Amino acid sequence: MWTYEYSVTANCTPQDVWACYADPSVWPEWDAEIKELTLEGPFAAGVAGTMSLHHLPPMALTVTVVLPHAEFRTETRMPDGTLIRFVYLLAAPDGGGARITHRVEIEGPAAGTEFGDSVAAPVPDTLRKLARVADARARRA
């Protein structure tokens with residue numbers, strides 16, 4: 001299995017970040033790779049959806065774990081059998097704010113460094129933007 005993890009700290013609370021996760025229409029605001037994300041039901045474990053990226057055809061995904069204000073996971077199976085799992089973690093550090101961690105896990109034929117690096121490359125910018133979006137939404141609330 002190939003794995004990559006990156007974290008940032010936002011000024012807002014984990015609940016504020018969670019609000020950005022739980023509303024799929026907000027995802028394109030904080031993830032420049034996503035054109036649109038649709039889910040076939042509420043944001044909950046077991047719900048399937050479609051993620052449309054700017055540079056790839058739409059891909060099916062499944063939300064596999066949802067622990068409100070703490071963690072959720074999605075999985076996407078590629079045509080060659082490769083499994084891409086995104087793990088989204090939230091914590092409240094002692095100094096306040098929200099610690100946001102995204103982990104990418106890849107299993108299967110394309111689990112090598114070249115493919116993994118291409119999937120993980122946008123994660124740092126995505127997390128910094130997520131922190132800014134969640135902070136701004138929290139200030140407006």
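Note that the structure is predicted; figures quoted are calculated from it, not measured.
Thr76 contributes atom OG1, which lies 5.5 Å from atom CE of Met59 (distance to the nearest 0.5 angstrom). Rounding to the nearest 0.5 Å gives a distance of 10.5 Å between CE of Met51 and CG of Leu39. Separating the CG atom in Asp23 from the CD atom in Glu29 is a distance of 8.5 Å, to the nearest 0.5 Å. A distance of 4.5 Å separates CE of Met1 from CD of Glu105, quoted to the nearest 0.5 Å. Between the CG atom in Leu37 and the OG atom in Ser25 there is a gap of 9.5 Å [rounded to 0.5 Å]. Cys20 contributes atom SG, which lies 5.0 Å from atom CZ of Arg137 (distance to the nearest 0.5 angstrom).
With contacts defined as side-chain heavy-atom distances shorter than 4.5 Å, the pair Lys35/Pro28 does not qualify. Using a 4.5 Å heavy-atom cutoff, the side chains of Phe115 and Ile84 are in contact. With contacts defined as side-chain heavy-atom distances shorter than 4.5 Å, the pair Ile106/Thr82 qualifies. His102 is not listed as a side-chain neighbour of Val87, based on a closest heavy-atom distance of 4.5 Å or more. Side-chain atoms of Thr9 and Ile100, non-hydrogen and from C-beta on, never get closer than 4.5 Å to each other. Residues Phe86 and Phe72 are not in side-chain contact: their nearest non-hydrogen atoms beyond the backbone lie 4.5 Å or more apart. For the pair Leu130/Arg132, no side-chain contact is recorded, criterion being any heavy-atom separation below 4.5 Å from C-beta on. Proximity of Tyr88 to Trp18: side-chain heavy atoms (C-beta onward) are nowhere separated by under 4.5 Å.
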**Study point:** Evaluation steps, side-chain contact (heavy atoms from CB on, under 4.5 Å), between Leu127 and Lys129
**Key:** CA-CA 5 Å; Leu127 283 185; Lys129 190 167 185 182; over 6 Å; no
Inset, instruction - Assess whether side-chain contact (heavy atoms from CB on, under 4.5 Å) is satisfied between Val123 and Tyr4, documenting all intermediate values. - result: CA-CA 9 Å; Val123 170; Tyr4 173 82; 3.9 Å; yes
TODO: Walk me through it: do Arg103 and Thr3 pass the test side-chain contact (heavy atoms from CB on, under 4.5 Å)?
DONE: CA-CA 7 Å; Arg103 183 170 60 238; Thr3 303; 3.6 Å; yes
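Annotation for Asp80 and Pro109: closest pair O-CG, 3.3 Å, computed over non-hydrogen atoms. Shown here for Gly116 and Trp2, the closest heavy-atom pair between the two residues is O-CH2, 3.1 Å. Nearest heavy atom pair, residue Thr64 against residue Thr74, reads OG1-N, 4.3 Å. The two atoms that bring Pro93 and Gly97 nearest to each other are CD-O, 3.5 Å, heavy atoms only. Annotation for Pro14 and Ala91: closest pair CG-O, 3.7 Å, computed over non-hydrogen atoms. In terms of heavy-atom proximity, Ile34 sits nearest to Trp27 at CD1-CE3, 3.6 Å.
No donor-acceptor pair closer than 3.5 Å links the side chain of Asp31 to the backbone N or O of Thr126. Of the possible polar contacts, none joining the Asn11 side chain to the Asp135 backbone as a donor-acceptor pair under 3.5 Å is found. A distance-only check finds a donor-acceptor pair linking the side chain of Asp16 to the backbone of Thr13 [under 3.5 Å].
One hydrophobic cluster holds both Val63 and Met78 under the rule that ILVMFWY side chains link at heavy-atom gaps under 4.5 Å. If you chain together hydrophobic residues whose side chains sit under 4.5 Å apart, Val26 and Leu90 fall into the same group.
Using cut-offs of 30° and 60° on the angle between ring planes, the pair Trp30 and Tyr21 is perpendicular.
By the salt bridge (charged side-chain N to carboxylate O under 4.0 Å, His left out) test, Arg73 is found to be paired with Glu71, residues two or more places apart in sequence or in another chain being considered.
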